[in-house]
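Throughout, a chain's letter reflects where its sequence line sits, starting with A, and its residues are numbered from 1.
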Amino acid sequence: MKKSKESLEKAYEPKKHEDDIYKKWESSGFFNPDKLPGKRKNPFTISMPPPNATGTLHLGHASMLAIQDILIRYNRLQGKKTLWVPGTDHASIATQNRVEKLIAEDGKTRHDLGRTQFLQEVEDFVEDSRDTIRNQIRKMGSSCDWTREAYTLSPTLTKVVQETFITMHNDGIIYRGDRIVNWCPRCASTLANDEVKHKTTKGNYYYFKYGPITIGTARPETKFLDKTIIVHPEDKRYKDLVGKTLTIPWMNGDIVAHVIADTAADMEEGTGAMTITPAHSFIDFELAQKHNLPIVQIINEKGELTGHAGEFAGQNANQAREKIVEKMKREGLVEKINTEYEHNLSVCYLCDTPVEPLISKQWFISVDTKAVEWKGKKQSLKEIALDVVKSNDISIVPNRFNKTYFHWIENLHDWCISRQIWFGHRIPVWYNEKEETEISISKPTKEGTWKQDPDTLDTWFSSGQWTFSTLLESPKDNETLTQWKKRSKDVKTFHPTNVLETGYDILFFWIARMILMTTYGMKEIPFETVYLHGMVRDKQGRKMSKSLGNGIDPLDMIKKYGTDALRLSLIVGATPGNDSRLYEEKIAGYRNFVNKLWNISRFIITSVQKPKIITKTPKPTTLSDEWILSQLHFTIEKVTNHLEAFELSAAAETLREFTWNELADWYLEIAKIEKDPSHSPPVGGSDGAGKDDILLYILTSLLKLWHPFTPFVTERIWNELSGSTKNEDLLIVESWPENKKHKPVTDFKTIQNIIIAIRTARAELQVEASNIIDAVITAKPAQQKLITKNQNLFEKLARVTLSNKDYPQKGHVIQESGVTITLHVPVNKEKTKKEIEKLEKYIKALKNKLSNASFIDNAPQSIVQKEQEKLAEAENALQKLKALS
RNA sequence: GGGUCCGUAGCUCAGUUGGUUAGAGCGCUUCGUUGACAUCGAAGAGGUCAGAGGUUCGAAUCCCCUCGGACCCACCA
């Protein structure tokens with residue numbers, strides 16, 4: 001940061017300052033709560049949702065960083081011990097896939113390299129590309145503590161994850177079992193429910209004869225061993241069949257089938273009867289468990305048919321479908337085929353391969369086992385997750401998402417946490433040749449050949465522990481998880497964190513998992529408030545995507561308009577939980593605002609005798625002084641309240657309104673007049689120094705108020721004001737303006753209104769701007785005095801000379817704020833007539849309301865009174881207009 | 001099938017617990033530039049608050065329905 005008045009360029013050039021300012025902040029150490037000046041007791045903590053280590057900054061990141069930085073900077077100015085923990089995510093599947101693609105260019109697969117070498121390649125790739133995202137986070141002005149930067153696959157996190165696995169296993173919450181899972185044959189991995197996408201596809205729908213009933217299916221290749229018919233218990237058609245055993249001619253010869261009654265059968269659908277395929281359908285699997293039916297695997301992990309398919313064994317299931325149907329046709333089992341069948345095909349969210357539901361051995365977290373001590377009693381993870389939000393320990397902004405959250409938790413099934421991916425946290429389980437199992441981080445010392453479970457953990461298992469694992473000190477050997485957590489100072493100081501800010505799209509993926517894992521691991525909530533932001537869309541409301549080419553690169557925008565402008569464009573007009581639209585004109589608009597702020601400051605700094613910081617409210621000497629101070633104090637109160645309520649957009653809008661419309665458009669113009677001795681009215685006591693103090697006080701306060709939103713430009717101007725290059729004089733560690741008493745200055749409003757009314761009349765009557773006209777103002781004595789006292793304002797701002805001459809018959813008359821103004825210009829009869837009509841209509845409506853007995857009876861006294869005042873004022877105005885026109 | 005959100009000026013959006021002659025920014029029209037800023041200033045045009053009904057003295061705001069749009073969850077044997 002340079003300093004000297006010459007360096008205040010005419011238009012603010014963000015590129016000239018931003019990098020230097022960021023470096024200054026970072027080297028000051030103030031991003032680190034331990035190095036903040038002053039006594040700071042209360043902590044304020046945010047864990048940054050970690051962007052992918054190998055990714056690049058997009059608008060989603062930009063808006064998340066802007067929001068979090070605003071909260072952090074505001075709370076830092078409020079004197080809190082502020083910590084924002086940055087980090088990156090190893091993004092297991094995504095990163096592994098990228099490296100697999102890279103090595104595929106050399107014609108290699110991960111299996112060619114082997115686990116160790118492949119993982120080395122991945123780590124190298126991550127290390128090479130991680131600086132990109134780090135520097136992009138800096139570009140946004142993020143005031144996060146880089147000395148505490150975390151990584152989801154760091155040694156610390158790995159240790160936490162493995163220890164947690166072991167503890168949960170000991171508590172009986174983690175178990176291994178056969179379950180039906182979503183399986184991607186291409187990735188050779190299970191997928192979580194939310195990693196499965198649905199695609200509408202057209203295909204064949206087959207109707208087969210199955211003994212006494214007809215069954216319909218889109219997947220004949222799974223039905224070789226369907227041996228159970230389910231009918232609804234109240235279905236009269238099948239009443240006699242329930243419980244019977246039937247021999248039925250089927251795909252590979254006769255089979256023996258049983259009939260079972262269950263409400264799962266829909267009487268309205270098809271024939272009202274169905275057969276089930278437990279190993280390849282979620283619902284059928286549940287039914288099979290409920291009725292204790294055999295579960296037989298027809299399709300294997302490679303997507304091939306097993307021995308149960310007889311002659312089709314070994315063939316790809318999907319490809320064999322038509323051959324199987326051909327055979328069934330020959331056997332006379334096909335009733336009809338609907339070729340226009342539309343259904344939702346489940347596909348892998350990463351590679352679009354159709355998902356096979358199949359049975360496999362996986363690790364699970366039980367959400368229903370009551371094994372966790374919470375609020376004095378043993379509860380299940382599900383119960384705790386519901387309780388913390390219901391009892392308001394955690395509040396979600398906006399709170400309509402509570403409903404969605406509850407619904408999701410209530411329907412939560414056991415969570416499959418094993419993934420057949422190499423890049424990730426390895427499951428700490430070992431097996432030997434005798435099929436014994438040991439749960440431990442390192443290889444068991446007992447005799448035998450021990451092999452570690454090849455799987456890794458679902459990435460949400462580790463990110464679920466993000467808020468506290470990132471605060472732990474480096475692990476030591478031979479200490480328990482509890483001991484480790486206890487000795488870590490940061491955990492004690494900064495956990496639970498205050499706010500978790502993220503997009504509503506990962507409420508389930510992440511927020512819910514953090515609540516589950518942290519209430520378990522820490523016996524406390526991970527955060528107090530969840531702030532959910534919406535998605536950033538293009539001007540038409542479409543998602544931004546590469547294929548549409550409608551994406552906006554935040555870094556381009558920073559280059560063009562500056563970080564402050566980009567931040568504002570992402571914040572203003574965006575409300576929590578709702579999507580917002582971004583387009584370049586919007587960013588340009590905020591660039592204009594930042595420039596306005598710059599020029600306001602430049603004006604104040606260059607017009608005062610000596611720029612300096614003033615934090616004590618100076619004494620007002622003129623009415624305008626009184627008014628602007630009152631407006632400033634009102635603004636401070638409003639902005640503070642908005643920020644406390646997480647209403648960032650409203651806070652910024654309140655500030656913009658004050659800055660541009662009140663300060664720049666009115667007060668600065670008036671200050672020019674009132675500072676000029678040649679225009680000095682008989683106001684007494686008004687001198688330049690008093691004005692200087694007020695201007696500097698306002699600027700001091702304004703820079704603090706804007707700092708969370710536009711950190712760069714405010715820090716740059718602050719430097720000019722403070723004249724200091726010391727770290728402790730940086731704006732980032734200043735203190736937030738206090739709330740001060742204030743009351744509206746209505747006298748000033750009156751003057752403003754009269755000036756506006758005269759301007760309007762001048763414009764409508766097309767009076768040349770250079771033409772200073774005479775005006776006669778008649779008013780009650782008190783108002784008359786006020787007007788005379790401020791006559792220089794009318795002369796300069798409304799370009800009229802106040803006069804005593806009396807020529808009401810010839811002048812153009814305006815009614816405003818109970819005052820009659822006669823302008824020495826020809827009467828505009830038409831204009832006056834219109835004015836009268838408008839007033840008459842308004843009066844009629846008011847009279848109507850006031851003559852309504854039920855309004856008088858029912859409405860509160862204050863409302864009635866207000867209406868009466870309105871009427872009186874309007875009638876007064878009408879009377880004068882009529883008399884003088 | 002269950003649920004959520006949205007529909008206010010040409011465009012993007014505010015409108016807090018029902019009480020304004022319904023607001024802002026951009027765009028548009030007219031006028032304006034002798035040192036804070038043309039990335040600017042002054043003034044203006046433009047809305048039956050998606051539609052119908054209800055509650056109320058009073059509805060953009062609360063309730064119900066209809067239409068239109070976005071999204072989430074579940075799922076079609």
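- Atom NE2 of A:His407 and atom P of B:G1 are 15 Å apart (whole Å).
- Counting to the nearest Å, the P atom of B:C5 and the CG atom of A:Leu532 are 14 Å from each other.
- Taking a 4.0 Å limit (strictly below) on heavy-atom distances, residues 861-876 of chain A reaches RNA chain B at A:Ile863, A:Lys870.
- Of the N and O atoms on the side chains of A:Thr575 and A:Asn578, at least one donor lies less than 3.5 Å from an acceptor on the other residue.
- Taking atom P in both B:U16 and B:C62, one finds a spacing of 8 Å when rounded to whole Å.
- In terms of phosphate contacts, A:Arg591 brings no side-chain nitrogen or oxygen within less than 4.0 Å of OP1 or OP2 of B:U39.
- One can place NZ of A:Lys10 at 10 Å from P of B:U39, the figure rounded to the nearest angstrom.
- Seen from the ring of A:Trp415, A:Arg513 counts as a face-on cation partner, given the 6.0 Å and 45° thresholds.
- A distance-only check finds no donor-acceptor pair linking the side chain of A:Asn182 to the backbone of A:Pro357 [under 3.5 Å].
- Between the OH atom of A:Tyr12 and the CZ atom of A:Arg602 there is a distance of 14.0 Å, given to the nearest 0.5 Å.
- Checked by atom type and distance alone, the side chain of A:Ser569 pairs as donor or acceptor with a backbone atom of A:Leu566 at under 3.5 Å.
- A donor-acceptor pair under 3.5 Å is absent between the side-chain atoms of A:Lys675 and the main chain of A:Asp692, judged by distance alone.
- Between A:Glu875 and A:Lys847, at least one side-chain nitrogen of the basic residue sits less than 4.0 Å from a carboxylate oxygen of the acidic one, meeting the salt-bridge criterion.
- For A:Ala763, whose side chain is taken as the heavy atoms from C-beta onward, the closest listed nucleotide among B:A43, B:C72, B:U21 is B:A43.
- Under the 3.5 Å distance criterion, with hydrogens and angles disregarded, a donor-acceptor pair is assigned to the side chains of A:Lys223 and A:Thr277.
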Tabulate protein N/O versus nucleotide N/O from nucleotides 22-31 of chain B, keeping only pairs under 3.5 Å, one per line.
residue, atom, partner, partner atom, Å
B:A24, O2', A:Arg656, NH2, 3.1

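- Atom name C1', nucleotides B:A45 and B:A70: the rounded distance is 33 Å, in whole Å.
- Rounded to whole angstrom, the span from the CD atom of A:Glu816 across to the C1' atom of B:A43 amounts to 15 Å.
- With A:Phe508 as the partner, the ring pair (Phe, Tyr, Trp, His ring centres under 6.0 Å) test is satisfied by one option alone out of A:Phe401, A:Phe406, A:Trp408, A:Tyr405: A:Trp408.
- Near-neighbour residues of RNA chain B inside residues 207-214 of chain A, defined by a heavy atom below 4.0 Å, are absent.
- If you take atom C1' in B:G7 and the same atom in B:A50, they sit 6 Å apart, rounded to whole Å.
- For the pair A:Tyr504 and B:C5, the criterion of a side-chain N or O lying under 4.0 Å from OP1 or OP2 is not met.
- Listed by first and then second residue, the salt bridge (Lys or Arg N to Asp or Glu O under 4.0 Å) pairs involving residues 757-767 of chain A are A:Glu764-A:Lys831 (not counting sequence neighbours).
- Donor-acceptor pairing under 3.5 Å, judged by distance alone, is present between the side chain of A:Lys672 and the base of B:A36.
- Using modelled atom types and a 3.5 Å distance limit, the side chains of A:His17 and A:Glu9 yield a donor-acceptor pair.
- When distances are taken from the side chain of A:Asp665 to each of B:G41, B:C37, B:A36, the shortest belongs to B:G41.
- Using P as the reference atom, B:U12 and B:U55 are 36 Å apart when rounded to the nearest Å.
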Applying the Watson-Crick and G-U criteria (both distances under 3.5 angstrom) with [ ] for crossing and | for other-strand pairs, one obtains for RNA chain B (((((((..((((.....[...)))).(((((.......))))).....((.((..]....)).)))))))))....
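- In this pair, A:Tyr531 and A:Phe646 present their aromatic rings tilted. The plane angle is within the 30 to 60° band.
- Of the two residues contacting RNA chain B, namely A:Arg537 and A:Lys223, the nearest-nucleotide position lying further toward the 5' end is that of A:Arg537.
- Under the 3.5 Å distance criterion, the side-chain polar atoms of A:Asp564 are matched with a main-chain donor or acceptor of A:Val713.
- At whole-Å resolution of the value, NZ in A:Lys841 and C1' in B:U21 are 10 Å apart.
- Atom CG of A:Leu333 sits about 9.5 Å away from atom CD1 of A:Ile215, to the nearest 0.5 Å.
- OP1 or OP2 of B:G44 lies within a sub-4.0 Å distance of a side-chain N or O belonging to A:Thr760.
- Residue A:Asn578 places its side chain closer to B:C5 than to any other of B:G41, B:C5, B:C73.
- On the P atoms, B:U20 is 42 Å away from B:C37, given to the nearest whole Å.
- Side-chain N or O atoms of A:His258 include none that pairs as donor or acceptor with a backbone N or O of A:Ile229 at under 3.5 Å.
- Between A:Phe593 and A:Phe401, the one whose closest nucleotide on RNA chain B sits nearer the 5' end is A:Phe401.
- Contact annotation: A:Lys586 side-chain N/O to B:U12 OP1/OP2 distance is not under 4.0 Å.
- In this structure, A:Asn599 atom CG and B:G35 atom P are separated by 14 Å, rounded to whole Å.
- For A:Lys596 and B:C37, a side-chain-to-base donor-acceptor distance below 3.5 Å is present, hydrogens and geometry of angles not being considered.
- Paired with A:Phe593 under the rule ring pair (Phe, Tyr, Trp, His ring centres under 6.0 Å), one option of A:Trp706, A:Trp598, A:Phe709 passes, and it is A:Trp706.
- Residue A:Asn402 contributes atom CG, which lies 12 Å from atom P of B:C5 at whole-angstrom precision.
- With both ends at atom P, the span from B:U29 to B:C67 equals 41 Å, rounded to whole Å.
- Using modelled atom types, no side-chain atom of A:Asn595 and backbone atom of A:Arg591 make a donor-acceptor pair closer than 3.5 Å.
- When the P atom is used for both B:G18 and B:A60, the distance is 13 Å, rounded to whole Å.
- A sub-4.0 Å separation between OP1 or OP2 of B:A77 and a side-chain N or O of A:Thr275 is absent.
- The stretch residues 846-858 of chain A touches RNA chain B through A:Asn852, A:Ser854, A:Phe855, A:Asn858, each having a heavy atom within less than 4.0 Å of the strand.
- One C1' atom belongs to B:C75, the other to B:U8, and the distance between them is 37 Å to the nearest Å.
- Checked by atom type, the side-chain pair A:Tyr561/A:Glu584 shows a donor-acceptor distance below 3.5 Å.
- Cation-pi check for A:Lys672 over A:Phe603 is met; the charged atom lies under 6.0 angstrom from the ring centroid and within 45 degrees of its normal.
- If you take CD of A:Glu840 and P of B:U21, they are 18 Å apart, rounded to a whole angstrom.
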